[in-house]
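Notes follow the structure.
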Amino acid sequence: MPAPPASENELIQRADALAGRSLGDLAAELHLPVPPDLKRHKGWIGDLLEHVLGAEAGNASEPDFPHLGIELKTIPVDDRGRPKQTTWVCVAPVGVLDPGPWWTSAVRRRLARVLFVPILGDGPPGERWCGVPVMWSPDADQEATLKQDWDTLTELLAAGEVWQWHARHGTALQLRPKAATSSNRTWVTDDEGEWVQTVPRGFYLRTSFTAGILAGEARLLDP
DNA sequence: ACTTGATCATAC
DNA sequence: GTATGATCAAGT
């Protein structure tokens, strides 16, 4: 496996060199198996790129590149570069009385600096390929949007308004189930102080928001 | 077509 | 069970 990149520039250079390369190729270089589809290997592309770029695996609650403070995200895009799926961020504070202020939140930390690697193609995983990567930090507008969504969502969570814990809130961030199955349950106190069970939730970035990130950076590359 | 709710594998 | 990595697939 490649050693971790020593600097952000080195990471960007490695990622740039991946543009246009097929995932099958990259997997072959590392002697990793290529699944026929992603139905039972949903994290395969993300794991593959972690290996290819020298991320340190398995460091819980740490960025993928801890020494650089950078998070790696792969994101499936269509032929126009628009995201086809939402982007996982982190677990939501379900059953937590005080989520604390935005500026100390896990969402803000995880999104402080992100390397997005677009993945093109609809066929078997090995036949898909990497696009031009985007190193991103939220600008003032984006951070304000994220903060507002986070404030709204964590207020609903802290208030125990369980019936409001659906995916239709938020312009950038949304709240969705995050579990192995819907029978997964966690205990929380609802708005009337009763103990109830509900499925764990996580925060995701809407495709409309990530589309802005990818398109905004693309304009800088090709004015 | 798109979004929301549900789900899959693996490590610790 | 909680965390990592996400996509699947039903519903609208």
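We name chains A, B, ... by the order of the sequence lines, and we start the count at 1 in each one.
In this structure, A/D47 places its CG atom 9 Å from P of B/dA11, rounding to the nearest Å. Atoms CZ (A/F203) and P (B/dT4) sit 15 Å apart, rounded to a whole Å. What separates NZ of A/K84 from P of B/dA1 is a distance of 13 Å, to the nearest Å. Separating the CH2 atom of A/W88 from the P atom of C/dT4 is a distance of 6 Å, rounded to the nearest angstrom. A straight line from NE2 of A/H51 to P of C/dG5 spans 12 Å, rounded to a whole angstrom. When rounded to the nearest whole Å, the span between CG of A/N184 and P of C/dG1 equals 7 Å. Taking atom CZ on A/F116 and atom C1' on C/dA6, their separation rounds to 13 Å, with Å as the unit. Between the P atom of B/dT4 and the CG atom of A/L173 lies a distance of 13 Å, rounded to the nearest Å.
Between A/G24 and A/V34, the shortest heavy-atom contact is CA-CG2, 4.4 Å. Summarising the geometry of A/A27 relative to A/W44, their closest heavy-atom pair is CB-CZ2, 4.0 Å, with the distance given to 0.1 Å. Residues A/T87 and A/F116 approach most closely at CG2-CE2, 4.5 Å, considering heavy atoms.
Across all strands shown, A/G43 has heavy atoms under 4.0 Å from base atoms, whether or not it also approaches the sugar-phosphate. The residue A/P200 sits apart from the nucleic acid: no heavy atom pair falls under 4.0 Å.
Side chain of A/R128 to main chain of A/G123: a donor-acceptor pair is present (N/O by atom type, distance under 3.5 Å, no hydrogens or angles).
The side chain of A/R40 contributes no N or O atom lying less than 4.0 Å from OP1 or OP2 of B/dT10. The phosphate of B/dT3 has OP1 or OP2 within less than 4.0 Å of a side-chain N or O from A/T207. Listed pair A/R201 / B/dA6 fails the phosphate criterion, with no side-chain N or O lying under 4.0 Å from OP1 or OP2. Side-chain nitrogen and oxygen atoms of A/R176 include none within less than 4.0 Å of the OP1 or OP2 phosphate oxygen of B/dT3. Side-chain N/O atoms of A/T86 include none lying less than 4.0 angstrom from OP1 or OP2 on C/dA6. For the pair A/R110 and C/dT4, the criterion of a side-chain N or O lying under 4.0 Å from OP1 or OP2 is met. Taking 4.0 angstrom as the limit, A/T74 places a side-chain polar atom (N or O) nearer than this to OP1 or OP2 of C/dA6.
The stretch residues 89-105 of chain A has no heavy atom under 4.0 Å from DNA chain B, so no residue of it qualifies as close.
Along DNA chain B, the nucleotide closest to A/A179 and the one closest to A/S208 are compared, and the more 5′ of them pairs with A/S208. The residue among A/Q174 and A/S182 whose nearest nucleotide of DNA chain B is located toward the 5' end is A/Q174. Remark on DNA chain C: of its neighbouring residues A/Q85 and A/H41, the 5'-side contact belongs to A/H41, judged by nearest-heavy-atom nucleotide.
Ranking B/dT4, C/dT4, B/dT7 by closeness to the A/P177 side chain, first place goes to B/dT7. In this structure, the nucleotide among B/dT3, C/dG5, C/dT7 sitting nearest to the side chain of A/R206 is B/dT3.
Side-chain atoms of A/R113 and A/E8, non-hydrogen and from C-beta on, do get closer than 4.5 Å to each other. By the 4.5 Å heavy-atom criterion applied to side chains, A/V52 and A/R21 are not counted as neighbours. A/C130 has its side chain within reach of A/I119: a pair of non-hydrogen atoms, C-beta onward, lies under 4.5 Å apart. Looking at heavy atoms from C-beta onward, A/H169 lies out of side-chain contact with A/L175 at the 4.5 angstrom threshold. In this structure the side chain of A/L53 reaches within 4.5 angstrom of the side chain of A/L115, judged on heavy atoms.
With hydrogens and angles ignored, no donor-acceptor pair closer than 3.5 Å exists between the side chain of A/K39 and the base of B/dT7. For A/K42 against C/dT4, a side-chain-to-base donor-acceptor contact under 3.5 Å is absent. If you check distances only, the side chain of A/K178 does reach the base of C/dG5 with a donor-acceptor pair under 3.5 Å.
Applying the 6.0 Å contact sphere to CD of A/E155 captures no more than 12 heavy atoms from other residues, nucleotides or ligands. A 6.0 Å sphere centred on CD of A/Q148 holds no more than 12 heavy atoms belonging to other residues, nucleotides or ligands.
Note on the helix from B/dA1-C/dT12 to B/dC12-C/dG1: terminal axis deviation equals 30°, with five pairs used at each end and the result rounded to 10°.
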